[in-house]
Amino acid sequence: MAPPLGLGKGRRTAGPAGPGRRSLLAGVAALGALGAAGCSRVATASTREGGDLLGRLRAQGVVRLGIAGEIPFGYIDKDGRLTGEAPELARVIFKRLGVDRVQPVPTEFGSLIPGLNSQQFDVVAAGMYVNPERCEQVIFADPDYQMLDSFIVRKGNPLGLHSYQDVVRRKVKFATGTGYAEIQYAVEAGYKQGDILIVPDQVAGLNAVEAGRVDVFAGTAITVREVVKKSAKAEATEPFAPLVKGEPHVDGGAFAFRATETRLRDAFNAELHRMKKSGELLRILRPFGFTKDEMTDLTAKELCGG
């Protein structure tokens with residue numbers, strides 16, 4: 001997919017630059033405590049062709065991961081442990097690359113690329129969406145997941161809402177989250193932006209649907225699927241690809257590296273591709289709500305615009 005994302009914006013946000021689309025979630029206090037040990041700068045940038053960061057990480061025995069405190073992508077849990085789909089994947093891959101430990105460096109989502117390029121950490125491990133604007137600043141591994149959209153609707157989906165075009169045709173009350181790319185998808189389908197109810201997150205969206213303040217809330221398939229699990233009044237629709245310029249649009253999230261570090265990126269990709277082929281990737285990501293629907297063969301080259 002190629003939503004209108006900017007370098008300083010959140011994973012999927014279409015709004016002004018600033019903090020990521022979600023506020024820091026679980027374990028904010030723990031983030032600060034764990035992050036304090038990782039706030040010093042990493043070694044200076046590589047000068048050799050392809051970079052020498054992998055060798056330096058092997059010698060150090062630790063890789064510093066830039067995370068943004070966002071469930072399920074990378075966060076500190078209630079017990080103060082670094083977890084999430086990206087950190088857990090990083091543990092496995094970097095162990096196989098000869099780096100035994102991972103260390104979190106928490107920051108706001110919009111600061112991940114600047115922090116990476118200013119040597120504050122070694123890799124971005126935050127499920128970051130790959131798009132052409134970001135590809136001008138960093139290099140990406142191939143995506144470890146793809147993401148579609150989904151709606152929160154009342155049980156039984158009585159209005160038959162399965163796409164943004166349905167939302168427009170049926171003139172329903174529509175909500176999505178602060179800074180979500182779903183705002184742009186709805187507007188592109190013909191929904192008037194001023195009529196969209198903007199709420200803080202998917203939990204507020206669920207509450208709005210359950211209370212009847214709106215007919216539908218749009219979010220990512222994984223967050224929508226998780227938030228409705230215990231609801232007696234609402235359900236999630238089947239995941240779907242929004243239309244962008246008339247074409248179905250699928251996003252992919254990946255690890256980001258400094259532009260000089262192609263050797264590390266290529267070594268990471270080689271391990272990632274083996275895990276995709278064996279099914280190990282899905283086994284690692286499944287505890288965080290990912291399913292076969294989120295597995296992908298998208299490449300960074302495709303999402304960077306060729």
Side-chain angles (χ1 to χ4, degrees), residues 1-23 25 68 70 108-110 127-134 146-154 157-228 234-253 303 305:
M1 301 155 107
L5 299 177
L7 294 175
K9 300 170 185 174
R11 176 187 324 284
R12 312 184 66 253
T13 182
R21 71 174 200 172
R22 301 178 182 90
S23 58
L25 298 172
E70 186 176 12
E108 292 179 347
F109 199 97
M128 179 176 280
Y129 277 8
V130 182
N131 66 60
E133 294 86 354
R134 288 173 177 155
Q146 67 178 15
M147 191 58 67
L148 300 175
D149 279 9
S150 184
F151 291 154
I152 298 175
V153 295
R154 286 188 281 277
N157 196 3
L159 298 176
L161 303 174
H162 302 283
S163 69
Y164 294 101
Q165 288 68 34
D166 291 340
V167 168
V168 173
R169 280 194 297 267
R170 299 183 185 280
K171 300 179 180 179
V172 301
K173 296 178 181 177
F174 173 80
T176 190
T178 303
Y180 282 26
E182 284 78 6
I183 296 170
Q184 302 303 111
Y185 300 153
V187 170
E188 179 149 345
Y191 204 91
K192 186 177 178 182
Q193 185 163 349
D195 291 340
I196 300 174
L197 175 64
I198 303 299
V199 298
D201 54 29
Q202 67 270 18
V203 175
L206 172 64
N207 292 338
V209 172
E210 289 181 331
R213 296 196 302 275
V214 297
D215 299 303
V216 57
F217 171 88
T220 65
I222 191 167
T223 53
V224 165
R225 186 166 60 232
E226 291 300 306
V227 80
V228 301
E235 67 183 36
T237 65
E238 286 297 312
F240 65 93
L243 297 181
V244 173
K245 297 181 180 179
E247 297 293 330
H249 181 67
V250 180
D251 276 306
L303 296 175

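Since this is a predicted model, take the numbers as computed values, not measurements.
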query = Is there side-chain contact between Arg225 and Thr220, with heavy atoms separated by less than 4.5 Å?
reply =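 No, too far: nothing below the 4.5 Å cut-off.
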ask   = Taking side chain as C-beta onward, heavy atoms only, is Thr237 less than 4.5 Å from Val153?
value = yes
What closest approach, in Å, do [X] and [Y] show between heavy atoms, and which atom pair accounts for it?
X: Ile183; Y: Gly177; answer: CD1-O, 3.9 Å
X: Glu235; Y: Asn157; answer: OE2-N, 3.7 Å
X: Ala234; Y: Ile152; answer: CB-CG2, 3.9 Å
X: Val168; Y: Gly190; answer: CG2-C, 3.8 Å
X: Tyr129; Y: Arg134; answer: O-NH1, 2.9 Å
X: Ile196; Y: Ala186; answer: CD1-CB, 4.3 Å

key: Contacts of Gln146 that satisfy side chain to side chain donor-acceptor pair (under 3.5 Å) - sequence neighbours left out   =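 Scan of Gln146 (side chain to side chain donor-acceptor pair (under 3.5 Å), adjacent residues dropped) gives Thr296.
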key: Any donor-acceptor pair under 3.5 Å from Thr178 side chain to Val199 backbone   = yes
inquiry  = My understanding is that only residues two or more places apart in sequence, or in another chain, count here; which of them pass side chain to side chain contact (heavy atoms under 4.5 Å, CB included) with Ala236?
reply    = Ser150, Val224, Val228
key: Counterpart residues, side chain to side chain contact (heavy atoms under 4.5 Å, CB included), relative to Gln165 (two or more places apart)   = Ser163, Arg169, Ala189, Leu243
task = Just jot down the salt bridge (Lys or Arg N to Asp or Glu O under 4.0 Å) partners of Glu238, sequence neighbours excluded, or say none.
result = none
ask   = Parallel under 30°, tilted from 30 to 60°, perpendicular over 60°: which one fits the rings of Phe174 and Tyr191?
value =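 Ring orientation, 0 to 90° scale: tilted.
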ask   = Is it true that Tyr180 and Tyr185 have ring centroids separated by less than 6.0 Å?
value =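 Judged by ring-centre distance (under 6.0 Å), Tyr180 and Tyr185 do not meet the cut-off.
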Got a list of side-chain donor-acceptor pairs under 3.5 Å for residues 204-218, not counting sequence neighbours?
residue: Asn207; atom: ND2; partner: Val203; partner atom: O; Å: 3.4
residue: Glu210; atom: OE2; partner: Ser231; partner atom: OG; Å: 2.5
residue: Asp215; atom: OD1; partner: Arg154; partner atom: NH2; Å: 2.8
residue: Asp215; atom: OD2; partner: Lys173; partner atom: N; Å: 2.7

message = Rounded to the nearest 0.5 Å, what separates atom OG1 in Thr176 from atom CD1 in Ile198?
response = 6.5 Å
task = With side-chain contact (heavy atoms from CB on, under 4.5 Å) as the test, would you mind laying out the steps for Asp166 and Phe151 before giving the verdict?
result = CA-CA 11 Å; Asp166 291 340; Phe151 291 154; 5.8 Å; no
task = Sequence neighbours left out, what pairs pass salt bridge (Lys or Arg N to Asp or Glu O under 4.0 Å) with at least one residue falling in residues 183-195?
result = none
